[in-house]
Amino acid sequence: LHYFVNYEYDRTPKTSQWNTAFPSFNVTLNGKEMRKIGGGRLDYQLSPSMRLMGKASGGNHYIPFGTGSSTNHPASTNSEDRKNREYLGQFTHVLSNRAVNEIKGGFSEWNILQGNLTHWSNHWAKDLGVTDGHPRVQMVGLKIAGNQNAPRIRDQNTWTFRDDFTPSYDARGRHDLKLGGEYLFMHELTRNCRNCMGQID
């Protein structure tokens, strides 16, 4: 039996400054960018010819805001919350001194949530779950607006199954042949509210 576990945590102070032509809008945003990574693996020898392995890993990455700008109001930036998870299992069977078979199966998912920094509890689209952002105000030389693609949710899930068979044979020398097949199923969903805040020119 063999096992392994890992965990990593990183927290980085983050500062963004805005340098527009309007001094009253030139604010400084301070926050912390955080990343957490972890995982584990387990190997077990069932018998001299059979081995089982399973592992899982994942991470969270939070970005509080983007970089500053000279043409956009600070409300133009957005936060990002990213997550990923991976799971994999493998069964290895030594059939003989000339044949090995490996079966693998797994699942992975990745998602990101982007949101505006401004919150509007009485948003006209609150029945759809939209409570972030505000109307985009477009002026000459400056925009006061949240990110036009936020709030945005994107999910990607993938299922996988694979079988590899490796036989060896003698024919004017020793030869190893690898045969196999793989099945992948991916589902992706993206939902965003593009310009759902309204726009004022």
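The two residues P167 and F165 come nearest to each other via the heavy atoms CD-O, 3.5 Å. Among all heavy-atom pairs drawn from K14 and F65, the shortest one is CE-O, 2.8 Å. Considering every non-hydrogen atom in both P64 and S79, the closest pair reads O-CB, 3.4 Å. Taking each heavy atom of D164 and N101 in turn, the nearest pair found is O-OD1, 3.2 Å. The two residues D163 and E102 have their closest heavy-atom pair at OD1-O, 3.0 Å.
To the nearest 0.5 Å, atom CE of residue M50 and atom CD of residue Q45 are 9.5 Å apart. Put simply, CG on N78 and CD1 on I63 are 9.0 Å apart, with the number rounded to the nearest 0.5 Å. In this structure, the separation between CD on E8 and NZ on K36 is 13.0 Å, given to the nearest 0.5 Å. Annotation: the span from R82 atom CZ to N60 atom CG amounts to 12.0 Å, rounded to 0.5 Å.
Hydrophobic cluster membership is shared by L46 and Y3, with clusters built from Ile, Leu, Val, Met, Phe, Trp and Tyr side chains linked at under 4.5 angstrom.
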Query raised in the report: Are T12 and D10 close enough, and set up right, to give a side chain to side chain donor-acceptor pair (under 3.5 Å), and what steps lead you there?
Result: CA-CA 6 Å; T12 305; D10 179 72; 2.9 Å; yes

Requested in this report: Begin with the C-alpha distance, continue with both residues' side-chain angles, and end with the deciding distance and a verdict on salt bridge (charged side-chain N to carboxylate O under 4.0 Å, His left out) for R174 and D176.
Outcome: CA-CA 7 Å; R174 179 184 171 90; D176 294 324; 3.7 Å; yes

Requested in this report: Show your reasoning for whether side chain to side chain contact (heavy atoms under 4.5 Å, CB included) applies to L1 and L42.
Outcome: CA-CA 7 Å; L1 176 67; L42 183 70; 3.4 Å; yes

Report task. Kindly determine whether D43 and R41 satisfy side chain to side chain contact (heavy atoms under 4.5 Å, CB included), including the steps that lead there. Result -> CA-CA 7 Å; D43 291 86; R41 172 171 173 153; 2.8 Å; yes

Query raised in the report: Does the pair E109 and D155 meet the rule for a side chain to side chain contact (heavy atoms under 4.5 Å, CB included), with working shown?
Result: CA-CA 7 Å; E109 61 177 335; D155 294 303; over 6 Å; no

Report task. Go through E188 and R154 one step at a time and tell me if the salt bridge (charged side-chain N to carboxylate O under 4.0 Å, His left out) criterion holds. Result -> CA-CA 7 Å; E188 184 171 325; R154 186 177 182 186; 2.8 Å; yes

**Report entry** Chi angles and distances behind the side chain to side chain contact (heavy atoms under 4.5 Å, CB included) call for K104, T160
**Finding:** CA-CA 8 Å; K104 298 178 182 178; T160 178; over 6 Å; no

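No more than 12 heavy atoms of other residues, nucleotides or ligands sit less than 6.0 Å from atom CD of Q17. Around the CZ atom of R98, the shell of radius 6.0 Å holds more than 12 heavy atoms that belong to other residues, nucleotides or ligands. Other residues, nucleotides and ligands contribute more than 12 heavy atoms inside 6.0 Å of the OH atom of Y7. Residue R85 qualifies as enclosed at atom CZ: its count of foreign heavy atoms under 6.0 Å is above 12.
In terms of the ring-ring contact (aromatic ring centres under 6.0 Å, His included) criterion, F161 has no residue partners (sequence neighbours excluded).
Judged by distance alone, the side chains of Q90 and T92 do bring a donor and an acceptor atom under 3.5 Å apart. Residues N30 and T28 bring no donor and acceptor atom of their side chains to less than 3.5 Å of each other. Side-chain contact of N84 with E86: a donor-acceptor pair under 3.5 Å is present, judged by distance alone.
Taking the six-membered ring where tryptophan is involved, the planes of F91 and H93 are tilted, since the angle between them lies from 30° to 60°. Classification of the Y87-F107 ring pair by plane angle, with boundaries at 30° and 60°, yields parallel.
Applying the ring-ring contact (aromatic ring centres under 6.0 Å, His included) test to pairs two or more places apart or on separate chains, those with a residue in residues 166-193 are Y169-H175.
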